[in-house]
Amino acid sequence: MPALAVDAATPVAHTFAAARFPAPLMPPPAAAADNKPEWSADLSSALYNVDGWGAPYFFVNADGDVAVRPHGAATLPGQEIDLAKVVAKAAGPRAGGGLGLPLPLLVRFPDVLRHRVETLNAAFGYAVRSTGYGAHYQGVYPVKCNQDRYVVEDIVEFGEPFRFGLEAGSKPELLLAMSCLAARGNPDALLVCNGYKDDAYVSLALMARTMGLNTVVVLEQEEELDIVIDASRRLGVRPVVGMRAKLRTKHAGHFGSTSGEKGKFGLNAAQILSVVTKLKAVGMLDCLQLLHFHIGSQIPTTALLSDGVGEAAQIYCELARLGAGMRVIDVGGGLGIDYDGTHSAQTDMSVAYSLEEYAVAVVAAVGRVCDRKGVQHPIVCSESGRALVSHHSVLVFEAFSATAPGQLDAATAYLLDELTDDCRADYRNVMAAAVRGDYDTCGLYADQLKRRSAEQFQEGVLGLEHLAAVDAFCEIVARGMGAPEPPRTYHINLSVFTSLPDMWAIGQQFPIIPIQRLQERPAVDGVLSDLTCDSDGKVSEFIGGRHSLPLHELPTHATHGYYLGMFLGGAYQEALGGLHNLFGGPSVVRVTQSDGPHCFAVTRAAAGPSCADVLRAMQHEPEVMFEVLKQRTDDATAASIARVFGAMPYLVFDPEAAVMSSGESSGMSSDSEGSAAGAAEEDDEDWEFMRGLTV
């Protein structure tokens with residue numbers, strides 16, 4: 001710190017005006033060899049590790065926007081979809097060719113979903129061939145991961161060539177699985193019925209068999225066998241039965257807490273033998289055909305995976321030895337997602353294997369045990385829901401304001417002259433320590449000044465203006481001494497509890513980055529604060545161990561127009577989200593790759609739940625509420641109230657001002673709207689002030 005000439009007799013404000021703390025010493029930007037700009041889209045990609053967690057679907061394009069490769073590595077250059085242009089199309093005003101959807105916005109990419117289904121099946125197909133395995137792979141999608149109608153229908157349609165089926169864990173999930181498989185599924189596709197069961201659940205599963213569906217009732221508890229036997233006799237339907245084994249193999253961390261001997265689900269060795277005895281006694285041992293187990297979600301390594309699969313395969317072979325009609329081994333979920341892009345096994349946010357390595361480990365472990373026991377190789381089934389749907393959607397939301405760093409102009413600095421004598425003495429000691437270059441003493445006196453000022457404010461000696469001036473001065477001193485600037489808070493038009501529930505509930509981290517302006521250096525460290533009236537409604541932990549996120553200054557022409565994306569959140573978040581503060585779900589668009597200069601078509605668009613919708617979810621009656629309010633006001637005010645009932649609960653800005661701030665992206669539309677135009681016309685009624693309400 002350079003020496004500062006401080007005259008003890010000089011008024012405080014004049015001393016402050018004369019003093020100038022230098023900015024913290026920073027390494028100069030690396031000068032590129034060919035006079036390249038000091039920042040680039042490639043540097044942003046490296047900063048956010050996009051290639052680590054986003055490959056092969058997400059990357060930063062030359063314009064500085066996040067773009068999508070809908071067909072993974074097989075995507076051609078003319079097929080890449082600019083996410084910023086999709087948002088401009090969806091959120092842009094209708095007068096300019098947009099769809100007028102309010103944010104937040106969930107963007108679904110069914111082409112990515114198709115690629116995930118095909119890649120999963122290709123990986124297991126290669127594993128079967130490369131290991132000489134004697135049976136095939138036949139997976140199921142656990143609908144609990146995302147029960148959205150179009151997601152489930154897409155998976156069944158894309159999986160039909162692979163005999164890909166569904167898994168249900170409740171009666172409503174079973175109903176949707178039955179309907180979807182009956183309408184478009186492969187006749188050989190499995191319908192695995194997990195979860196706790198009553199007579200109605202079991203009866204429904206048996207009825208599905210009469211409809212030609214390949215239904216398997218998996219026993220989670222020994223007592224469920226009696227329900228299955230009774231329902232089978234009553235309906236005259238011979239069941240196919242599976243059982244979930246409670247393995248001793250488990251992994252540490254949050255996602256392993258439901259596995260092992262003390263896991264929530266499954267039968268231990270004694271209970272498995274009891275089920276076999278009961279089935280044999282009633283002449284139904286041949287009905288036992290599937291063994292299911294679950295090591296835990298986000299299995300970190302293939303070594304742990306091989307141990308668990310090997311243990312389960314041993315149980316499978318024992319069941320075959322005891323006379324059961326075993327055909328299928330269901331390895332459950334556990335195929336992990338690399339949320340932080342580190343490809344490591346150190347945390348729940350990553351896994352140390354590829355999809356291909358996972359498949360080989362499963363198939364090889366089953367084959368090895370069966371060969372040793374002389375048992376025919378079973379069909380291998382997995383319930384890899386997280387791995388299928390996580391990549392297919394992106395949540396886009398807006399940062400509409402941010403806290404500003406502390407500033408102390410000359411006019412405000414004169415308030416320091418009005419401090420008490422002891423506070424002014426602290427100030428002079430700060431400056432004297434600065435002259436000597438004594439940073440430690442400088443910091444101590446600055447802390448003492450701040451603490452003493454706060455005490456005197458509480459006693460009524462100092463005013464609010466004085467307190468603010470001291471705070472700003474101390475912040476400037478800290479920066480002048482080289483202390484890092486604390487993260488600034490960016491306020492986002494989103495509810496963490498609705499759209500990012502796992503972040504709040506279990507500390508799950510998802511990649512969050514700006515979706516545009518990535519050719520500019522993100523010079524601000526920020527944390528995110530949502531709209532809810534709850535101190536937990538924030539995001540302050542980010543992938544890579546960061547406690548802040550590199551962000552850009554908000555656009556100067558408005559307080560909105562800065563868009564962030566949350567990636568890899570296609571599993572669980574939609575179903576788990578709540579209605580805290582009555583903020584509902586986001587608007588949704590379905591985007592497919594198409595030919596043409598902009599490479600995409602919006603094939604479905606829907607606004608998120610309105611204020612009236614979320615009120616109905618909590619048993620309120622918006623129509624009655626409106627009638628009560630209408631009686632107390634004039635027609636114009638009543639019309640305004642009706643508009644609020646019909647709008648989404650999130651903040652709404654002027655559509656003309658809320659354009660994309662990246663120039664070329666502003667107002668950009670797709671080449672072919674597909675059925676979106678028709679869908680938008682069909683949804684026009686949803687945009688009325690409120691159905692059933694009249695003024």
Side-chain angles (χ1 to χ4, degrees), residues 41 44-45 47-48 50 54 58-61 63-68 81-93 96 98-109 393-402 488-496 499-500 510-522 524 526-531 539 542 549-569 586-589 591 598 600 602 605 607-608 648 650-670:
S44 286
S45 180
L47 175 67
Y48 296 111
V50 176
F58 303 107
F59 71 103
V60 179
N61 65 21
D63 293 330
D65 296 340
V66 174
V68 182
I81 300 173
D82 189 315
L83 185 57
K85 293 178 181 178
V86 172
V87 175
K89 174 65 180 178
L99 298 177
L101 293 174
L103 267 65
L105 178 71
L106 188 69
V107 185
R108 298 195 193 279
F109 295 98
S393 66
V394 180
L395 178 69
V396 178
F397 51 94
E398 185 176 20
F400 60 89
S401 69
R488 291 163 58 182
T489 299
Y490 279 61
H491 304 107
I492 56 175
N493 197 11
L494 188 75
S495 165
V496 167
S499 296
L500 307 173
F510 298 96
I512 297 176
I513 68 170
I515 66 167
Q516 55 188 157
R517 295 178 57 187
L518 295 175
Q519 78 280 19
E520 305 172 24
R521 179 191 295 271
V524 180
V527 296
L528 308 179
S529 178
D530 77 353
L531 295 179
V539 183
F542 302 90
L549 184 67
L551 298 169
H552 304 87
E553 293 283 356
L554 292 181
T556 56
H557 66 275
T559 58
H560 42 87
Y562 187 62
Y563 297 94
L564 302 169
M566 187 275 280
F567 298 81
L568 309 188
S587 300
V588 181
V589 291
V591 176
H598 303 309
F600 72 89
V602 178
M648 285 176 64
Y650 296 92
L651 303 186
V652 177
F653 302 107
D654 178 3
E656 296 299 328
V659 297
M660 305 293 283
S661 61
S662 60
E664 290 297 323
S665 295
S666 178
M668 193 68 68
S669 63
S670 64

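Each residue takes its place number in the sequence, starting with 1.
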Which heavy atom in [X] sits nearest to a heavy atom in [Y], and how many Å separate them?
{"X": "Ala67", "Y": "Asn61", "result": "CB-ND2, 3.9 Å"}
{"X": "Val66", "Y": "Pro514", "result": "CG2-O, 3.7 Å"}
{"X": "Gly569", "Y": "Ser393", "result": "C-OG, 4.3 Å"}
{"X": "Leu83", "Y": "Val394", "result": "CD2-CG1, 3.8 Å"}
{"X": "Pro104", "Y": "Asn493", "result": "CD-O, 3.6 Å"}
{"X": "Tyr650", "Y": "Ser495", "result": "CE2-N, 3.8 Å"}

4.5 Å side-chain heavy-atom contact, [X] and [Y]:
{"X": "Ile513", "Y": "Phe567", "result": "yes"}
{"X": "Leu105", "Y": "Pro586", "result": "no"}
{"X": "Asp82", "Y": "Phe600", "result": "no"}
{"X": "Met566", "Y": "Leu564", "result": "no"}
{"X": "Phe58", "Y": "Pro511", "result": "no"}

### Message
Could you walk me through whether Leu531 and Phe400 satisfy the side-chain contact (heavy atoms from CB on, under 4.5 Å) test, starting with their C-alpha distance in whole Å, then the side-chain angles of each, then the deciding distance to 0.1 Å, before giving a yes or no?
### Response
CA-CA 11 Å; Leu531 295 179; Phe400 60 89; 3.6 Å; yes
### Expected output: side-chain Ser587 to main-chain Pro102 donor-acceptor under 3.5 Å
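At least one qualifying donor-acceptor pair exists.
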### Task
Answer yes or no: is there a donor N or O on one side and an acceptor on the other, between the side chain of Asp63 and the main chain of Asp65, under 3.5 Å?
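The answer is no, because no donor-acceptor pair under 3.5 Å joins these two groups.
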#### Entry: Passing option when His552 is tested against Tyr562, Tyr490, Tyr563 for ring-ring contact (aromatic ring centres under 6.0 Å, His included)
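That would be Tyr562; it is the only one of Tyr562, Tyr490, Tyr563 passing the ring-ring contact (aromatic ring centres under 6.0 Å, His included) with His552.
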### Query
Could you walk me through whether Leu500 and Asp530 pass the side-chain contact (heavy atoms from CB on, under 4.5 Å) check?
CA-CA 11 Å; Leu500 307 173; Asp530 77 353; over 6 Å; no
Atom pair [atom1] ([X]) and [atom2] ([Y]), whose distance is rounded to the nearest 0.5 Å:
{"X": "Lys85", "Y": "Gln516", "atom1": "NZ", "atom2": "CD", "value": "12.0 Å"}
{"X": "Lys89", "Y": "Leu101", "atom1": "NZ", "atom2": "CG", "value": "10.5 Å"}
{"X": "Leu47", "Y": "Leu549", "atom1": "CG", "atom2": "CG", "value": "8.5 Å"}
{"X": "Leu554", "Y": "Ser401", "atom1": "CG", "atom2": "OG", "value": "7.5 Å"}

### Task
Start with the C-alpha gap between Phe109 and Ile81, add the side-chain angles, then the distance that decides, and say whether side-chain contact (heavy atoms from CB on, under 4.5 Å) holds.
CA-CA 10 Å; Phe109 295 98; Ile81 300 173; 4.2 Å; yes
#### Entry: Result of checking Leu551, Leu494, Val496 against Leu528 for side chain to side chain contact (heavy atoms under 4.5 Å, CB included)
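Checked Leu551, Leu494, Val496 against Leu528; only one passes side chain to side chain contact (heavy atoms under 4.5 Å, CB included): Leu551.
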